Protein chains: 2
Amino acid sequence: MSTHPAKPDARSKLLDAAMSVVRTKGYSATTVDELCAAAGVTKGAFFHHFKSKEALGVAAVEHWSETTGTVFANAPYHDHPDPLQRVLGYVAFRKSLLTGSVTDFTCLVGTMVQEAYDSAPAIRAACDKSISSHAGTLEADIEAAMEERGMSPDWTATSLALHTQAVLQGAFILAKAKGGAEAAAESVDHLTRYIELLFGAARH
Amino acid sequence: MSTHPAKPDARSKLLDAAMSVVRTKGYSATTVDELCAAAGVTKGAFFHHFKSKEALGVAAVEHWSETTGTVFANAPYHDHPDPLQRVLGYVAFRKSLLTGSVTDFTCLVGTMVQEAYDSAPAIRAACDKSISSHAGTLEADIEAAMEERGMSPDWTATSLALHTQAVLQGAFILAKAKGGAEAAAESVDHLTRYIELLFGAARH
DNA sequence: AGAAACATACCAACCAGTTGGTATGTAGTC
DNA sequence: GACTACATACCAACTGGTTGGTATGTTTCT
């Protein structure tokens, strides 16, 4: 009974509810009442933990970053000794997540920033930080792969890391538009092929 | 006085207003009153032309497709005799549009489908049609470029056309998150490089 | 006891959509 | 060509329900 296995308080229940409800309905269309109902808490609890709906939005993005960050940190692709294989492993891992309902595999941050980039600067900043820091985990491996091959191309590791995020976010939009993951998966395949070409061509 | 130069009725004023307001605030956060104010018409006029807010959403997507369709149809890249150059010209043209404020160069369809894919099936369908038909205009050139080189790769022209749209939509999300077009432009550069590698490699 | 964590009751502003009406056609009929 | 019948385009005021947020409790933990 040392470390409580899980004593979900209202705050984390609300954040978990936000992750799924917001991804389904979007941020603006999600009401505070709805969030409370989904979390099984009252409105009093909501405004005890968050001073406004926007504050919950910021916290939800941070919560998302932590939750998904753990998933990626524990993913098996890190074990590869070759940094390029780690990058390709990351992309393959992202592709393997494209199953089940569209709501479940799409990204909270991409959804929220679309709606809030102009009207809620704090949410925009949180989303930027989330995307950029996640891309940052890729950048080191990309850089290592470049160095290993003695490459000095006209693109940067940063831009390639961000490009992977752009492809994934765009793939989610395709999935939402088409109501399925097929086109999204093929887009991720193109990303894999691009990275292989990029590094394969330099080998010669 | 044969063809009226421009007699903007309430309907088209509302559709034009929707294109800019929705891209700024998102679909859900945009109110009917706001739209009416931006268009300079009354609420009565709104519900005379559209039976609901959702119906306006569908019409706005279709209006967007027509408006942007004209822009691309008249763009100069179509003149190139080489189909591959037309594809690359399209991507370069898309990159050249990444100027000014984020609101002005981002895509109405990508914004709307994120919010409405689950709650408004009619809007989702309209967005799918818009993206797919726009991708379709690229597909023919991609196919022609493949044939010209006698390529039979493990990817299809359709998937590459949709991939270009995914990259562009993802680039818009980057732009919104970062508050500027720089990262988006670099992502489009990566797309150009990918297409060049894809077709350049087959040349040999 | 005192503070943090929650619950209940409530409110003012706002929202999509409705109502009843006016102004301007336009097609048909005698 | 004028009168009726009907349709389209638009408007201002209103409505019932919803929204984010607050005020004021009660319970729980230390």
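Just so it is clear: chains get the letters A, B, ... in the order the sequence lines come, proteins before strands, and each one is counted from 1. Fair warning: this is a prediction, and the values are worked out from it, not measured in the lab.
The side chain of T42(A) lies closest to dA7(C) when the candidates are dA7(C), dG21(D), dA16(C). In the set dG20(D), dT18(C), dC15(C), the nucleotide with an atom closest to the side chain of T31(B) is dC15(C). When distances are taken from the side chain of D9(B) to each of dC6(C), dC10(D), dC15(C), the shortest belongs to dC10(D). Closest contact between the side chain of V41(A) and the listed nucleotides dG20(D), dA7(C), dG17(C) involves dA7(C).
By the 4.0 Å N-to-carboxylate-O rule, D128(B) lies close enough to R124(B) to be salt-bridged with it. Ion pairing of R23(B) with D118(A) is absent here, as no side-chain N (NZ or NE/NH1/NH2) approaches a carboxylate O to less than 4.0 Å.
For an aromatic pair to be called close, the ring centres must be under 6.0 Å apart, and F72(B) with H78(B) fails this.
In this model, the phosphate group of dC6(C) is approached by a side-chain N or O of H49(A) to a distance below 4.0 Å at OP1 or OP2.
One can place NZ of K53(B) at 15 Å from P of dT18(C), the figure rounded to the nearest angstrom. For the pair H48(A) NE2 and dA23(D) P, the computed distance is 16 Å after rounding to whole Å.
S28(B) comes within 4.0 angstrom of no nucleic acid atom, judged by non-hydrogen atoms across all strands.
A donor-acceptor contact closer than 3.5 angstrom is absent between the side chains of T103(A) and K176(A).
Judged by distance alone with a 3.5 Å cut-off, a donor-acceptor contact links the side chain of K43(A) to the base of dG21(D).
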